[in-house]
Amino acid sequence: SLTNKLSSVFKKLRGHGKLSEQNINEAMKEVRLALLEADVNFKVVKDFMERIRSRAIGKEVLESLTPAQQVVKIVHEELISLMGGASNGLNLSYKPPIPIMLVGLQGSGKTTTVAKLGRFLKGKGRRPHLIPADVRRPAAIEQLQKLGEQMGIPVFNSNPQEKPLMICQKGLRWAEAENGDVLLIDTAGRLHIDEALMEELKEIQRALLPREVLLVADAMTGQDAVNVAQKFNEALDIHGVILTKLDGDARGGAALSIKAVTGKPIKFIGVGEKLDALEVFHPDRMASRILG
Amino acid sequence: VAGRKKIDADLLAELEEALITSDIGVKTTQDLLRDVSLKVQRKELEDADLLKKNLQEQMYLILSQQEKPLSLSAARPFVIMVIGVNGTGKTTTIGKMAQIFKAQGKSVLLVAADTFRAAAIEQLEIWGQRVGCDVIKQKSGADPSAVVFDGLHAAKSRGIDVIIVDTAGRLHTKVNLMEELKKVRRIVEREMPGAPHEVLLVLDATTGQNSISQAKMFHQAVGVTGIVLTKLDGTAKGGIIIAISNELKIPLRYIGIGEKVDDLREFSARDFVEALF
Ligand SMILES: Nc1nc2c(ncn2[C@@H]2O[C@H](COP(=O)(O)OP(=O)(O)OP(=O)(O)O)[C@@H](O)[C@H]2O)c(=O)[nH]1
Ligand SMILES: Nc1nc2c(ncn2[C@@H]2O[C@H](COP(=O)(O)OP(=O)(O)OP(=O)(O)O)[C@@H](O)[C@H]2O)c(=O)[nH]1
Ligand SMILES: [Mg+2]
Ligand SMILES: [Mg+2]
């Protein structure tokens with residue numbers, strides 16, 4: 001663990017008398033290593049290290065009887081402060097039906113997460129309605145319809161021959177007629193560098209004005225997380241992020257990278273394949289996980 | 001990085017960034033750079049451009065040893081099991097591979113052994129229709145081993161050349177799901193000695209260091225004989241396969257470069273290293 005590594009660093013430094021600013025460099029190397037091994041983006045780590053360095057060379061570490069624990073405490077606090085933030089929930093204080101759109105790379109977990117959000121909202125007494133707007137992936141519409149059936153949540157009968165924009169517009173009118181109060185839109189996975197498909201998302205956004213555009217990102221994403229998050233945020237000014245597959249053993253450094261580069265909050269995490277596997281994001285738990 | 005004649009700390013820092021941001025990993029990056037640093041110290045390397053070439057050569061050496069295309073043996077049916085964590089592109093890759101084998105004049109049968117995920121069977125059936133091959137399936141929720149059993153017997157009785165088994169995505173850390181996978185493999189072995197002839201692990205190029213953990217645990221559980229690296233049409237470099245190749249020595253079969261049926265290429269170590277940085 002990081003604490004153990006830092007303890008042995010400080011043990012060998014302490015043998016030479018009082019800790020100095022130079023000694024701390026050794027400890028900073030271990031922290032940097034831990035973050036890179038956790039898949040935090042290279043540049044994000046660089047910025048983060050500058051952030052904690054000023055605290056690390058301060059009295060709280062140099063005069064501490066347990067400098068290793070102190071450094072870990074600082075790193076932990078700074079991680080929480082970076083990833084934490086106010087708006088964790090969904091903003092649902094609007095005139096219904098409130099459109100919420102989920103976007104992201106191929107295979108990140110959007111369709112499953114749309115269904116999970118539907119279940120979450122139904123559990124809160126809401127009337128979620130789902131729109132399958134992915135006409136590219138084979139059986140994507142069926143996938144969401146089956147999930148909706150499992151939960152007794154209405155799913156729009158999208159016509160795969162129509163364009164996603166048309167499906168969303170029809171779906172909105174359908175939800176209004178059905179007295180739905182939250183409209184969850186599942187979009188096709190796409191590359192952040194595919195201009196035509198990114199434009200397609202912008203079109204849907206302009207037409208439906210979703211109150212929440214949420215980026216669904218895989219927790220095991222590596223260095224590329226910053227590129228993806230940046231592009232989706234530039235195109236859509238996302239409201240938040242949902243990090244999936246946190247039931248695995250990925251350290252999840254992508255969480256820090258995404259937050260650092262977009263400034264947008266991580267609202268939920270996916271912790272399993274079943275529809276009840278959705279939790280609210282806790283920055284302190286994520287910080288511990290990243291540090292390993 | 002090129003066009004700079006002096007090798008200094010700045011250049012090495014630049015190279016470190018390029019390697020790490022390609023998901024090569026910290027330890028592998030340190031090993032690669034240590035090697036060139038030694039050469040620089042011994043004055044064996046004094047040109048910045050040659051330094052970059054040297055790094056590429058090191059990576060090429062590791063990857064070229066695993067550049068082994070999948071070749072169908074004389075076994076009939078040749079049984080391929082496709083495995084991996086959730087969402088990496090297994091089902092799509094199966095569709096692409098079926099196309100390749102059909103183009104080689106082989107008869108192909110697909111087995112829908114993902115009986116868990118919503119519409120997984122329908123998804124594979126559509127690929128079967130696109131490529132022109134049958135799909136063996138049972139009801140959703142059936143025992144995957146039972147579907148594989150059916151598939152093997154259908155392949156034998158129809159004289160099928162290649163059978164490709166689609167399995168459900170599963171995290172390598174889920175013991176019960178890994179046990180299920182082991183059971184599927186045992187059924188295949190029992191019904192056809194020598195099979196499965198290929199156990200193909202599908203890895204997502206956007207995944208970071210966790211790919212190593214995935215490769216190790218799937219390899220430990222069922223023995224991986226080939227790797228497909230998907231989604232290389234994005235901006236992720238997939239550098240993690242250098243560490244995987246170095247440690248596990250598993251053949252690199254294909255790369256996925258898109259969502260269409262012909263977006264699958266045989267792995268080329270030279271192309272990969274040139275695209276890396
Ligand atoms: N273990 C685990 N699996 C998940 C989680 N969320 C989604 N999955 C699985 O990840 C795979 C991909 O999920 P999908 O919902 O199809 O992903 P998608 O983003 O809609 O995929 P595309 O539409 O193709 O872009 C499926 O096998 C899901 O069951 C999670 O939190 N944990
Ligand atoms: N851009 C790109 N997308 C890909 C590639 N391979 C697969 N995909 C997409 O990734 C998503 C997931 O593909 P699937 O084939 O459903 O993945 P899977 O591993 O079978 O998923 P599960 O069965 O749910 O675990 C789909 O949207 C595919 O079109 C690739 O090489 N490039
Ligand atoms: Mg989907
Ligand atoms: Mg699949």
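Source: prediction; values computed, not measured. So that the names make sense, note that chain A is the first sequence line, chain B the second, and so on, each numbered from 1.
For A:Arg190, no part lies under 4.5 angstrom from a heavy atom of chain B. With a threshold of 4.5 angstrom between heavy atoms, A:Lys46 does not approach chain B through any atom at all. Contact annotation for B:Ile24: neither backbone nor side-chain heavy atoms come within less than 4.5 Å of a heavy atom of chain A. Of the two parts of A:Leu36, the backbone and the side chain both hold a non-hydrogen atom closer than 4.5 Å to a non-hydrogen atom of chain B. Neither the backbone nor the side chain of B:Lys27 comes within contact range of chain A; no heavy atom of the residue lies under 4.5 Å from a heavy atom of that chain.
What you find for A:Gln223 and B:Asp23 is that their closest heavy atoms are N-OD1, 3.0 Å. When all heavy atoms are compared, the tightest approach of A:Gln106 to B:Lys231 is O-NZ, 3.0 Å.
Residue-level contacts of residues 89-98 of chain B with chain A do not occur; threshold 4.5 Å between heavy atoms. Heavy-atom neighbours of chain B within the stretch residues 134-147 of chain A, taken at a separation under 4.5 angstrom, comprise A:Arg136, A:Arg137, A:Pro138, A:Ala139, A:Glu142, A:Gln143, A:Lys146, A:Leu147. Close approach to chain A, defined as a heavy atom under 4.5 Å from one of its heavy atoms, is seen in B:Arg117, B:Ala118, B:Ala119, B:Glu122, B:Gln123, B:Ile126, B:Trp127 of residues 117-129 of chain B, taken by number.
With chain B as the partner, the residue from A:Ser108, A:Ala219, A:Gly189, A:Gly222 showing the most heavy-atom pairs under 4.5 Å is A:Gly222. Each of B:Asp204, B:Asp233, B:Ile240, B:Thr88 has some count of heavy-atom pairs under 4.5 Å with chain A, and the biggest count is that of B:Asp233. Listed options A:Asn41, A:Asp247, A:Asp218, A:Asp249 were ranked by heavy-atom pairs under 4.5 angstrom with chain B; first place goes to A:Asp249.
Looking at B:Leu171, B:Asn86, B:Thr206 one by one, the single match for side chain to side chain contact (heavy atoms under 4.5 Å, CB included) with A:Met220 turns out to be B:Leu171.
Taking a 6.0 Å sphere around NZ of A:Lys43, one finds it holds 12 or fewer heavy atoms contributed by other residues, nucleotides or ligands. Under a cut-off of 6.0 angstrom, the local environment of CZ in B:Arg130 is crowded, with over 12 non-hydrogen atoms contributed by other residues, nucleotides or ligands.
Under the rule for a ring pair (Phe, Tyr, Trp, His ring centres under 6.0 Å), A:Phe48 has no partner lying at least two apart in sequence or in another chain.
Residues A:Glu37 and B:Gln209 have side chains not in contact (no heavy-atom distance under 4.5 Å, counting atoms from C-beta outward). The shortest distance between side-chain heavy atoms of A:Arg32 and B:Val26 does not fall below 4.5 Å. With contacts defined as side-chain heavy-atom distances shorter than 4.5 Å, the pair A:Ile193/B:Thr235 qualifies.
Atoms OG1 and CG, on B:Thr21 and A:Asp224 in that order, are 10.0 Å from each other to the nearest 0.5 Å.
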Stepwise side chain to side chain contact (heavy atoms under 4.5 Å, CB included) test for A:Leu33 and B:Gln30
CA-CA 11 Å; A:Leu33 204 66; B:Gln30 288 174 342; 3.7 Å; yes
